[in-house]
There are 2 protein chains.
Amino acid sequence: MLPMNLELDFRSGIPIYIQLVERIKEMLAAGKLKPGDQLPTVRALALDLRVNFNTVARAYRLLDESGVISTQQGRGTYILEMPPPEVTENIRQKALEALTQRYLTDAARLGVSPEDLTKILQDQAADWQPGIDDNSN
Amino acid sequence: MLPMNLELDFRSGIPIYIQLVERIKEMLAAGKLKPGDQLPTVRALALDLRVNFNTVARAYRLLDESGVISTQQGRGTYILEMPPPEVTENIRQKALEALTQRYLTDAARLGVSPEDLTKILQDQAADWQPGIDDNSN
DNA sequence: ATCAAAATTGTATCATTGTCGCATTGTATT
DNA sequence: AATACAATGCGACAATGATACAATTTTGAT
């Protein structure tokens with residue numbers, strides 16, 4: 001089962017199940033999830049995220065209804081083989097927007113203004129290489 | 001749930017919700033409340049104090065806005081973790097770097113170069129306001 | 001290989017918790 | 001007295017949690 005490095009913001013006021021839907025769509029658009037992949041069970045993911053499994057189930061149901069995943073009682077939930085083609089690019093755009101949105105709000109919580117943030121990004125983007133995901137803290 | 005030995009003065013002319021904010025801040029300063037502690041539910045505390053639960057909710061909302069507690073619909077309200085000021089700045093820097101790092105790599109996975117990304121950020125930062133995490137899809 | 005019991009998975013229903021909009025009350029200002 | 005405004009109460013609502021249930025797979029005995 002996939003580890004699902006997912007992070008939630010319990011203070012944002014955005015419902016957990018909405019956050020879950022967004023994150024999973026992002027991961028799909030980003031290729032972190034591929035068609036056929038099995039998602040964690042509602043209970044496993046809920047345990048991992050310290051959330052009630054009904055909340056995860058709700059997110060899965062929404063994703064199922066939008067045709068992104070397939071949830072099957074007694075079996076599990078899987079990424080669909082045909083992530084709606086016309087949707088894919090749409091998802092990519094939205095994912096990118098969401099990514100930026102999250103970046104802005106997270107930074108805002110750290111007390112950084114959008115203006116300063118663009119500078120910071122420029123600096124850090126200058127010496128950036130595809131491989132360096134250090135996270136050494 | 002904590003017993004919250006709280007006493008209110010209904011004749012003082014000071015609004016209940018203000019008194020509540022003060023008492024809770026005091027208890028926190030006095031160590032009677034610790035980070036992570038769950039406060040009584042708005043209804044439980046309201047019942048205990050013979051007050052309407054909206055009044056308690058109002059006090060909780062103020063405390064939430066000042067970053068003292070975190071209220072989460074459907075879950076409860078909790079005292080926030082508050083790292084000492086010295087470490088805060090250091091943590092802040094590291095968090096900011098990590099944030100930017102994640103932004104860059106995630107975007108790269110979406111096929112966006114650092115250069116394009118800075119443009120995107122600038123655009124989206126232009127019309128950005130603290131509250132708007134729309135999620136309208 | 002078969003079949004039934006147990007375990008695992010998602011589903012459904014209801015309780016609990018905080019939020020929101022508006023009504024009511026009380027107090028001060030004119 | 002009339003009006004305005006802040007504080008509080010009321011009722012409906014959305015998000016999350018708890019519990020029981022149904023569908024499917026897995027396991028184990030025969």
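Naming convention: chains lettered A, B, ... in sequence-line order (proteins, then strands); numbering from 1 in each chain.
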field: Min side-chain heavy-atom separation A:Leu121-A:Tyr103 under 4.5 Å
entry: yes
message: Taking salt bridge (Lys or Arg N to Asp or Glu O under 4.0 Å) as the cut-off, I'd like each qualifying pair that reaches into residues 63-78 of chain A, sequence neighbours left out, listed once.
response: A:Arg61-A:Glu65
- request: With heavy atoms under 4.0 Å as the rule, sort B:Arg61 into base, sugar-phosphate or nothing.
  value: nothing
- prompt: Base, sugar-phosphate alone, or nothing: which one does A:Phe53 contact when heavy atoms must sit under 4.0 Å apart?
  reply: base
Could you tell me how far apart [X] ([atom1]) and [N] ([atom2]) are, to the nearest whole angstrom?
{"X": "B:Leu47", "N": "C:dT17", "atom1": "CG", "atom2": "C1'", "result": "15 Å"}
{"X": "A:Arg58", "N": "C:dG10", "atom1": "CZ", "atom2": "P", "result": "17 Å"}
{"X": "A:Phe10", "N": "D:dG17", "atom1": "CZ", "atom2": "C1'", "result": "13 Å"}
{"X": "A:Tyr78", "N": "D:dT25", "atom1": "OH", "atom2": "P", "result": "9 Å"}

field: Position toward the 5' end of DNA chain D (nearest nucleotide), B:Ile18 or B:Gln73
entry: B:Ile18
message: Taking donor-acceptor contacts at under 3.5 Å, does the side chain of A:Arg75 reach the base of C:dG10?
response: no
- request: Spell out yes or no: do the side chain of A:Asn54 and the base of C:dG10 have one donor N/O and one acceptor N/O closer than 3.5 Å?
  value: no
field: Donor-acceptor contact present, side-chain A:Thr105 to main-chain A:Gln101, <3.5 Å
entry: yes
Phosphate-side-chain proximity, B:Asn52 and D:dC10, N/O vs OP1/OP2 below 4.0 Å: yes
